[in-house]
Amino acid sequence: MKRVGLVALSLAIIAAAMASAKWGTRWTVPQARSAAAGYRLVAAWDGSNVPAGRFQRPIGIARSPSRDLYVTDARQRVIRFSPEGAFRGQWGRQGEGSGEFSNAVGVAVARDGAVYVSDYEQDRIQQFEAEGRFVRQFGSSGSGPGQFNAPAALAIDGTGFMYVADFYNHRIQKLRDDGSPQMVIGRPGRIGNGALHYPTGVTVTPQRVLVVADAYNYQLQWFDLEGTPSRRVGYHLFWVWPRPVSSSAGFAVPTDAAIGPDGLIHVADSGNHRVVMLSSNGSYVAEWRIADADPNIHSPEHLAVSADGSTVYATDLARDRVLVLRVTPPGSPF
Amino acid sequence: MDWMRAMSKKRRDRSRSFERFLLAALVAAAAVASPIAPLESAAHASDGGRRQAVITVKGMQCPFCAYGIKKHLAKVPGVEKVEVELAKNQATVYVAPDANVTDAHLQRAVRKAGFEASKIEWR
């Protein structure tokens with residue numbers, strides 16, 4: 001009887017903790033959601049129009065203010081495309097010099113068109129002009145301020161601060177526009193607000209909120225730009241059991257989020273091989289699954305959304321392509 | 001009453017022996033099933049001048065993790081090149097001929113990346 005009582009008490013504590021959002025809240029499904037909301041696959045770019053060779057394991061993607069897209073891939077290059085997929089240029093090669101990479105992963109574009117690329121192995125970030133001319137670099141290996149251990153993703157806010165998802169340091173680093181460290185956001189951990197476990201994606205909303213893809217806590221976390229955690233959405237409490245591999249109510253390794261001008265949040269739920277649409281408050285709206293996903297590789301990895309919010313671009317590393325999805329937001333006519 | 005106490009003691013002893021047996025069996029099973037045990041025994045495989053090691057890492061489905069494994073393996077002194085094959089859950093390391101790279105070194109690197117190597121095969 002004692003054991004039964006203990007189990008019941010534990011369950012009650014867990015339920016109370018969940019209800020009080022101590023461990024965050026799982027997403028909610030709005031009662032009056034639009035049946036029309038969703039995604040439609042309109043194109044899959046394989047990079048065959050790139051003179052130096054088609055995509056090989058594309059992973060990073062970012063949209064510039066001029067609407068162009070920048071994609072990083074395993075050929076250690078950055079490729080620039082028009083929004084329609086026309087090739088606009090590329091740079092980069094294997095190496096450790098300026099404009100060279102060991103593993104180009106994260107990419108972000110500032111308001112002035114400057115392109116920043118993170119190197120997952122060299123633990124540095126390189127800045128380029130929009131056409132690829134090298135400008136400077138910053139960062140080194142380590143866990144101190146301004147140091148990285150596998151920088152997986154980058155985002156830049158409207159005032160020029162950069163946010164780096166520092167994968168093995170389990171944190172987000174906020175850097176000034178000269179690359180010097182400003183502050184650390186989040187802390188390593190599995191439970192509680194602000195705890196991060198292998199973050200892989202980061203984005204800043206038009207409302208100046210930082211959204212972090214906290215991949216191995218199976219959740220998205222919201223922070224203000226000064227680093228105070230404010231909200232969590234997705235799957236978290238039962239990260240030990242059961243794994244939400246096919247769950248329709250939680251994430252399995254969400255690796256990135258992109259926010260449209262309408263506030264809609266698009267999530268790369270890589271372990272479930274899908275893109276999930278959330279409302280600005282984190283409620284589930286719709287999803288789209290990769291029909292021919294490789295079950296052995298998590299995908300999609302990173303996302304970018306067009307300036308008008310009508311299109312989401314997703315890197316599908318497993319199939320060496322960029323998926324182009326047309327967005328139908330909630331409230332659209334059938 | 002003495003016989004009752006004796007019976008109870010006997011039962012406790014038997015229960016303790018069973019627990020000890022169970023624990024020993026579990027430890028033995030863990031030693032056999034552990035991915036580390038066979039790896040340690042193969043630690044001298046590189047002494048023969050073999051230059052490629054194929055490491056199987058279960059659960060290496062996420063590219064960020066696979067690249068993390070690649071990064072940590074590349075830092076092992078003597079490792080010249082690392083390739084990861086996500087679909088096969090495998091990493092291949094190319095080792096300099098005179099380098100003393102053991103299974104233990106590779107296992108440690110994989111562990112630092114947050115994983116366990118379930119098999120290391122030298123070629």
Side-chain angles (χ1 to χ4, degrees), chain A residues 57-60 72-74 94 101-106 118-123 141 148-153 165-170 197-201 213 215-216 218 243 245 252-256 268 270-273 293-302 315-320, chain B residues 12 15 19 22 30 35 52-96 99 101 105-121:
Chain A
R57 302 295 193 209
I59 186 163
T72 57
D73 82 350
Q94 180 81 37
F101 309 100
S102 291
N103 198 352
V105 171
S118 69
D119 195 309
Y120 206 72
E121 280 191 35
Q122 295 175 8
D123 295 320
S141 298
F148 310 111
N149 192 350
D166 196 0
F167 186 75
Y168 277 108
N169 284 327
H170 308 290
H197 198 55
Y198 300 109
T200 53
Y216 282 88
Y218 303 96
R243 289 293 175 90
V245 173
V253 194
T255 45
D256 199 17
S270 70
N272 285 323
H273 303 111
D294 183 334
N296 296 313
I297 304 177
H298 290 354
S299 224
E301 279 69 36
H302 278 158
T315 52
D316 183 8
L317 176 142
R319 298 285 186 211
D320 299 317
Chain B
R12 272 202 309 271
S15 162
E19 277 171 15
L22 202 62
Q52 268 186 55
V54 179
I55 307 167
T56 304
V57 184
K58 277 187 184 166
M60 196 178 74
Q61 292 162 311
C62 159
F64 297 96
C65 305
Y67 289 161
I69 290 167
K70 181 172 178 264
K71 175 178 180 159
H72 284 85
L73 285 169
K75 284 182 183 168
V76 175
V79 169
E80 293 179 332
K81 186 181 158 193
V82 185
E83 288 170 352
V84 286
E85 187 57 60
L86 278 103
K88 290 184 183 168
N89 281 357
Q90 283 181 340
T92 304
V93 296
Y94 298 83
V95 178
V101 176
H105 293 133
L106 301 178
Q107 178 67 274
R108 204 174 303 135
V110 173
R111 271 202 202 117
K112 269 189 182 174
F115 285 83
E116 284 286 328
S118 58
K119 189 178 164 193
I120 299 178
E121 188 187 337

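Chain letters run A, B, ... following the sequence lines, proteins first and then strands; every chain starts at 1. The figures here come from the full heavy-atom set of this structure, side chains too, leaving out hydrogens, waters and symmetry mates.
Note: A/Ile59 leads A/Asp294, A/Ile59, A/Val105 in heavy-atom pairs under 4.5 Å with chain B. Note: B/Lys70 leads B/Lys112, B/Lys75, B/Lys70 in heavy-atom pairs under 4.5 Å with chain A.
Residue contact with chain B, scored on non-hydrogen atoms closer than 4.5 Å, is absent for A/Ser299. Looking at B/Ala113, the atoms closer than 4.5 Å to chain A (heavy atoms on both sides) sit in the backbone and in the side chain alike. Residue A/Ile297 touches chain B through both its backbone and its side chain, counting heavy-atom pairs closer than 4.5 Å.
Considering OH of A/Tyr198 and SG of B/Cys62, their distance stands at 10.5 Å, rounded to 0.5 Å. Atom CE of B/Met60 is separated from atom NE2 of A/His298 by 11.5 Å, given to the nearest 0.5 angstrom.
Listed here is the closest heavy atom pair of A/Ala74 and B/Tyr67: CB-OH, 4.4 Å. Residues A/Tyr168 and B/Gly68 come closest through the heavy atom pair OH-CA, 3.2 Å. Minimum interatomic distance between B/Glu85 and A/Arg57 (heavy atoms only, all atoms of both residues): OE2-NH2, 3.9 Å. Between B/Gln61 and A/Asn296, the shortest heavy-atom distance links the atoms CG-O, 3.2 Å.
Between B/Pro63 and A/Glu301, some side-chain heavy-atom pair lies under the 4.5 Å cut-off.
Relative ring orientation between A/His302 and B/Phe64 is described as tilted, the plane-to-plane angle lying within the 30° to 60° band.
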